[in-house]
Amino acid sequence: MRPLFDIAMKMIIDTDPGVDDAIAIALAHALPEIDLIGLTTVFGNTRVDQSSRNARFLLDMLGSDAVVAEGASKPWNDYPFEPSAWVHGSEGFGDIVEVPQIGTNHDQNAAEYLVEMARKHPGDLTVCAIGPLTNIADALKLDPSFAQNLDKLVIMGGNLHCPGNITAHAEANIFHDPAAADAVFASGLNTVMVGLDVTLQTLLVPGDFAALAASSPKIGGFLNRISEFYLGFYKEVANLDGCPMHDAAAVLACSNPDWFGLEHTGLRVSQDGETVGATLADPNRPKVAVAIEIDAVATLTKLKTHLAALH
Ligand code: RIB
Ligand code: CA
């Protein structure tokens, strides 16, 4: 959606769509204060080719002119990885298995696109990273001035004062590429971490998705369809009657930062052993703004209101 005025926040979302990614991308498109200029794709919930296909399908459904630049297919250091199909479905969109290929990927890869856009819009570009941080770390390697050119990086990832989700110690995005995540936290990039400390408070329930489908038959209806598998996962593993809006919370931390309480601390990522992927406070690292409080009612209300208006 084109911004109503040119003070909208220019944003690139780095993503592994993924059910909650799809919701976050639709939200970013819907918010007038965000100018979504591109998606960069990464492995994680899905293989990267599936992430790119799903991203292009979503943008076409939304009527967005954002580009899709494909990124990393695997973690740094050949760290073992498998897509989280048990959470997001075999193709990343729940039980939907035939996702059409629409359009083509941008001619630059994710890291090249991120670096070029940060150079083109110095101090005016926000990257919202809602998958593993491989593309961000690659961009920092490709252009050391990327950290200075970017206004801010807002990530969905990590867990500071709470257990993990993919293991008892680690959150999935960080766990999927611990080395890349550690490089990002060491870089001095102006970073906000929106992790499990707050995102587990942002549950949408089946009735929310049904209401969304009724008010927005095409887009809300699609999000309702793909959420069924994701809801089923959380019911089965945690007996939850709802699913966390992890990625949408990161987008809302960009549009409404005052709804988040922050703790500023250096961070490092455990690289091995049973704690691999855990985000740990480290006073010797550059400070990161870690979200430890959230106005969950305000964030979920804004999410539902703007998604319901999509047609
Ligand atoms: O831990 C939650 C994160 O992992 C979300 O970004 C979800 O989409 C998955 O990528
Ligand atoms: Ca994600």
Side-chain angles (χ1 to χ4, degrees), residues 11-28 39-48 50-52 54-55 58 68 71-75 81-94 110 127-136 153-160 162-178 180-181 184 192-204 223 226-227 229-231 233-234 237-238 240 242-254 269 276-279 290-291 294 299 303:
M11 181 180 286
I12 293 172
I13 295 180
D14 190 67
T15 179
D16 58 340
V19 174
D20 64 321
D21 299 67
I23 293 165
I25 291 163
L27 174 65
L39 301 180
T40 49
T41 57
V42 66
F43 70 91
N45 293 328
T46 56
R47 299 191 319 268
V48 71
Q50 294 169 313
S51 292
S52 302
N54 292 355
L58 272 172
V68 174
S73 60
K74 62 185 174 74
F81 151 75
E82 65 168 304
S84 306
W86 66 93
V87 184
H88 295 266
S90 63
E91 296 297 325
F93 280 162
V127 172
C128 187
I130 57 176
L133 293 174
T134 316
N135 291 337
I136 311 305
L153 171 71
V154 180
I155 73 169
M156 190 283 137
N159 54 301
L160 188 59
C162 67
N165 57 359
I166 198 166
T167 73
H169 304 281
E171 179 279 325
N173 286 335
I174 306 299
F175 179 80
H176 277 145
D177 196 340
V184 170
V192 178
M193 179 181 113
V194 180
L196 300 179
D197 303 84
V198 294
T199 64
L200 290 174
Q201 299 171 51
T202 64
L203 299 185
L204 284 192
L223 297 177
I226 66 173
S227 70
F229 188 97
Y230 189 57
L231 283 160
F233 167 77
Y234 279 96
V237 300
L240 268 181
C243 55
M245 295 293 101
H246 296 295
D247 294 337
V251 170
L252 286 156
C254 298
V269 178
V276 64
T279 35
V290 179
I294 184 172
T299 50
L303 171 63

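Because only heavy atoms are used, hydrogens play no part in the values below, and waters and symmetry mates are left out as well, while side chains stay in. Remember, it's a predicted structure, so these values are computed and weren't measured experimentally. Both counts, for ligands and for their atoms, begin at 1 and track the order of listing.
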Discussion item. Between T46 and D16, do the side chains contain a donor N or O and an acceptor N or O under 3.5 Å apart?
Written reply: no

Worksheet item: Using a heavy-atom cut-off of under 4.0 Å, does the side chain or the backbone of D16 touch ligand 1, or both, or neither?
Response: side chain

Worksheet item: Any N or O on G131 sitting closer than 3.5 Å to an N or O of ligand 1?
Response: no

Practice prompt. For the Ca ion (ligand 2), decide whether I130 has an N, O or S atom at a distance under 3.0 Å.
Written response: yes

Fill in: A72 backbone acceptor or donor facing N135 side chain under 3.5 Å
yes

Worksheet entry | Residue pair P75 / F43, side-chain heavy-atom distance below 4.5 Å | yes

Item to complete: Going by heavy-atom distance to atom 1 (O) of ligand 1, choose the closest among M156, E171, H246.
Response: E171

Worksheet item: Of all N, O or S atoms in D16, which has the smallest distance to the Ca ion (ligand 2)?
Response: OD1

Worksheet item: Which atoms from ligand 1 have a heavy atom of A172 less than 4.0 Å away?
Response: 1 (O), 4 (O)

Practice prompt. Measure the distance from atom 8 (O) of ligand 1 to every protein heavy atom, then report the residue, atom name and distance (to 0.1 Å) of the closest one.
Written response: D20 OD1, 2.5 Å

Worksheet item: Judged by atom type as modelled, is there a donor-acceptor pair below 3.5 Å linking the side chain of N54 to the main-chain atoms of F93?
Response: no

Worksheet item: For the side chain of T167 and the backbone of A170, is there at least one donor-acceptor N/O pair under 3.5 Å apart?
Response: yes

Practice prompt. Check ligand 1 against D21 and write out every atom of the ligand that is under 4.0 Å from a heavy-atom position of the residue.
Written response: 8 (O)

Worksheet item: Has D20 got an N/O/S atom less than 3.0 Å from the Ca ion (ligand 2)?
Response: no

Worksheet item: Any donor-acceptor pair under 3.5 Å linking the side chain of T202 with the backbone of V198?
Response: no

Worksheet, complete the sentence: Angle subtended at the Ca ion (ligand 2) by D247 OD2 and D21 OD1, to the nearest 10 degrees, is 70°

Worksheet item: What part of V87, side chain, backbone, both or neither, has a heavy atom within less than 4.0 angstrom of ligand 1?
Response: neither

Worksheet item: Can you tell me the protein heavy atom closest to atom 10 (O) of ligand 1 and the distance?
Response: N173 OD1, 2.9 Å

Worksheet item: Does E171 reach the main-chain N or O of N173 with its side chain, forming a donor-acceptor pair under 3.5 Å?
Response: yes

Worksheet item: Side chains of D21 and N45: is there a donor and an acceptor less than 3.5 Å apart?
Response: yes

Fill in: Closest approach of any protein heavy atom to atom 9 (C) of ligand 1, naming residue and atom
N45 OD1, 3.2 Å

Worksheet item: So which protein heavy atom does atom 6 (O) of ligand 1 come closest to, and at what separation?
Response: D247 OD1, 2.6 Å

Discussion item. With a heavy-atom distance limit of 4.0 Å, tell me whether I130 approaches ligand 1 through its side chain, its backbone, both, or neither.
Written reply: backbone

Worksheet item: Quick one: are L196 and M156 in side-chain contact, heavy atoms under 4.5 Å?
Response: yes

Worksheet item: Between T199 and ligand 1, which part of the residue brings a heavy atom under 4.0 Å of the ligand: side chain, backbone, both or neither?
Response: neither

Worksheet item: Roughly how far, to the nearest 0.5 Å, is CG of D14 from CD1 of I130?
Response: 8.0 Å

